[in-house]
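Scroll down for the structure; my scribbles are underneath it.
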There are 2 protein chains.
Amino acid sequence: MASTVLPLHPSQGSTCGKCPRNELCYARFLSYAKSVEQLDFQVSNRILHRGDHVFYSGQAFSALYMVRSGHVKTVMVTEDGEEQITGFSCPGDSLGADGLASGHYAVDAVALGTASICTLNFEHLLRNTARKEELQRLMLSMLSETILNNEELLLTLGKLDAQQRMATFLLKQSSAQQRNGCSPVSFTLPMSRADIGNHLNLAVETVSRLLTQFRQRGLIKFNRNDIEWLDIDTLTDLTNRREYATAAPLVTNNFLAHG
Amino acid sequence: MASTVLPLHPSQGSTCGKCPRNELCYARFLSYAKSVEQLDFQVSNRILHRGDHVFYSGQAFSALYMVRSGHVKTVMVTEDGEEQITGFSCPGDSLGADGLASGHYAVDAVALGTASICTLNFEHLLRNTARKEELQRLMLSMLSETILNNEELLLTLGKLDAQQRMATFLLKQSSAQQRNGCSPVSFTLPMSRADIGNHLNLAVETVSRLLTQFRQRGLIKFNRNDIEWLDIDTLTDLTNRREYATAAPLVTNNFLAHG
DNA sequence: CGTTGACTTGAAATTTGTCAAGTTTAGTGG
DNA sequence: CCACTAAACTTGACAAATTTCAAGTCAACG
């Protein structure tokens with residue numbers, strides 16, 4: 001329950017060039033950088049635990065953040081206290097850009113488990129980027145990627161039904177794993193069913209039912225939050241094609257009754 | 001039906017400092033700029049008409065855009081051709097930032113009517129901003145604002161019911177009008193009912209019913225797309241409080257039955 | 001003055017949410 | 001190491017908001 005913003009293991013002044021996981025952060029943005037050497041951000045790093053905040057909604061903006069390891073959720077809150085998870089971040093993802101324009105972060109960023117977070121002081125960053133076009137491109141690219149992610153989420157939530165959203169979500173987690181050098185068919189979901197439901201605008205019960213249904217159809221194997229295997233091809237099909245013929249009796253799977 | 005990307009009335013090389021409507025663009029971002037003079041973007045300007053594209057999804061990224069007058073919708077398309085309107089842009093809003101990271105615009109940007117659009121060539125912009133910290137802040141602020149807008153939309157779509165979404169939408173249009181120096185209670189909706197429904201994830205019929213209901217309740221006066229008046233206070237109430245007890249049956253909250 | 005597209009309105013249908021109850025898991029302390 | 005508790009998850013039955021379907025109206029335009 002206890003949360004904190006204070007650095008637990010601060011390591012001031014280290015540079016990304018020396019970070020053993022720097023390709024992770026750089027890889028996403030290298031199309032705009034001529035070489036990794038040019039992108040030597042000065043960062044401080046801290047370790048957070050489950051429930052700790054990277055930053056709070058409303059807090060004064062001072063830095064951008066990168067997830068180095070672990071997972072973070074970003075949560076926006078309505079006036080009457082309802083929460084909406086706008087995204088899950090994994091290693092290599094940036095955080096905090098929504099606070100830049102207004103000067104205050106717009107969401108809570110909360111660690112889902114133990115996580116290592118790098119802090120990029122904004123003023124410091126600006127001074128350094130002022131003479132390095134490559135760094136500028138990288139910064140802008142970070143924000144642009146966030147915009148793209150949110151637009152894709154809007155499309156997912158707006159045009160897909162519950163089943164398609166769930167399949168899309170699983171595939172997204174899968175490819176995030178792969179991008180970070182892990183198996184795309186075997187990994188652990190870092191968030192609860194409730195978090196998934198909140199994020200996808202589905203009731204927890206619906207999430208549970210869909211996962212069970214996918215398992216019964218042989219599309220995934222899992223135990224609690226440990227995904228042991230997923231049928232990427234079939235799940236991909238699900239995200240596109242709309243299930244044809246819902247009508248008449250035939251609901252969901254009458255072919256079983258007939259066989 | 002005919003659409004074009006070609007500039008119809010190109011005016012190369014004019015500067016924002018000479019634009020009669022520059023406060024419109026600057027006002028949103030001035031918190032980061034010490035003076036307007038420092039923000040003299042070089043832009044070209046073109047006039048679009050209803051249905052014309054500012055840019056297409058998939059097109060190579062080359063510039064950011066600002067809406068100088070008129071209105072634009074941004075549309076993302078699923079693999080099977082379903083469209084999702086991710087936002088409506090009005091004068092002072094920026095467009096195209098989602099294309100920066102990938103190098104290709106992710107949405108279609110389509111004029112809802114006659115519109116004047118300013119083009120900020122990205123490479124040109126980068127060269128200019130490289131030595132001006134204020135310009136950098138402005139650029140980043142533009143992207144940050146887009147991120148914030150999308151997150152707020154995710155919250156609206158995720159946590160509010162149809163009525164609340166509609167009220168939120170009307171108020172957003174109203175304050176956009178006000179921000180641009182027009183009356184917040186008397187203006188024309190630049191988009192169709194279908195567009196509103198698509199944007200809010202509601203069927204056209206639902207949009208129509210809600211507008212009718214609002215009119216019957218005396219919350220708005222309108223004729224076709226011309227809003228003649230809206231009760232901002234009551235609509236604001238609607239966006240927050242969940243309607244308790246909609247009808248006779250009065251399910252959902254039993255404490256009333258006991259009282 | 002007819003045609004077309006946009007909008008409105010009513011009735012039925014359906015997906016998904018809500019409620020309620022049960023089960024499993026993880027953590028805690030004796 | 002086991003019992004206990006709380007939390008997370010699952011499952012079933014039912015309810016409700018919104019969509020879909022089906023007409024019908026209105027307004028602009030040629």
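Each chain gets a letter, A, B and so on, in the order its sequence line appears, and its residues count up from 1. All of these numbers come straight from a predicted model, not from anything done at the bench.
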Rounded off to whole Å, could you give me the [atom1]-to-[atom2] distance for the [X] and [N] pair?
X      : N      : atom1 : atom2 : value
B:R215 : C:dT8  : CZ    : C1'   : 10 Å
B:N225 : D:dC26 : CG    : P     : 17 Å
B:I196 : D:dT18 : CD1   : C1'   : 17 Å
A:M166 : D:dC9  : CE    : C1'   : 13 Å
B:L200 : D:dA17 : CG    : P     : 19 Å
B:D226 : C:dA6  : CG    : P     : 17 Å
B:D161 : D:dA15 : CG    : P     : 21 Å
B:Q213 : C:dG10 : CD    : C1'   : 15 Å

message = Quick test of your reading of the model: are A:R179 and A:D93 salt-bridged, counting only N-O distances below 4.0 Å?
response = yes
Just checking [X]: base, sugar-phosphate only, or nothing, at a heavy-atom cut-off of under 4.0 Å?
X      : answer
A:S192 : sugar-phosphate
B:N201 : sugar-phosphate
B:D195 : nothing
B:L202 : sugar-phosphate
B:A162 : sugar-phosphate
A:R209 : base

Side chain of [X]: nearest nucleotide among [options]?
X      : options                : answer
B:T212 : C:dT8, D:dT10, C:dT16  : C:dT8
A:R193 : D:dT10, C:dT9, D:dT18  : D:dT10
A:R224 : C:dT25, D:dT19, C:dA20 : C:dT25

inquiry  = Check for me whether the distance between the ring centres of B:F88 and B:H71 falls short of 6.0 Å.
reply    =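 Ring-ring flag for B:F88/B:H71: false, centres at least 6.0 Å apart.
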query = Less than 6.0 Å separating the ring centroids of A:F55 and A:Y65?
reply =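 Yes, close enough.
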inquiry  = On DNA chain C, compare the nucleotides closest to A:E205 and A:N223; which residue's is nearer the 5' end?
reply    = A:E205
inquiry  = My understanding is that only one of B:I85, B:V77, B:D98 makes a side-chain contact (heavy atoms from CB on, under 4.5 Å) with B:V107; could you say which?
reply    =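 Of B:I85, B:V77, B:D98, side-chain contact (heavy atoms from CB on, under 4.5 Å) with B:V107 is met by B:D98 alone.
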task = Please state whether the phosphate of C:dC7, meaning OP1 or OP2, lies under 4.0 angstrom from any side-chain nitrogen or oxygen of B:S208.
result = no
task = Check whether any side-chain heavy atom of B:Q163 sits under 4.5 Å from a side-chain heavy atom of B:Q213, and report yes or no.
result =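 Yes, at least one pair of side-chain atoms sits under 4.5 Å.
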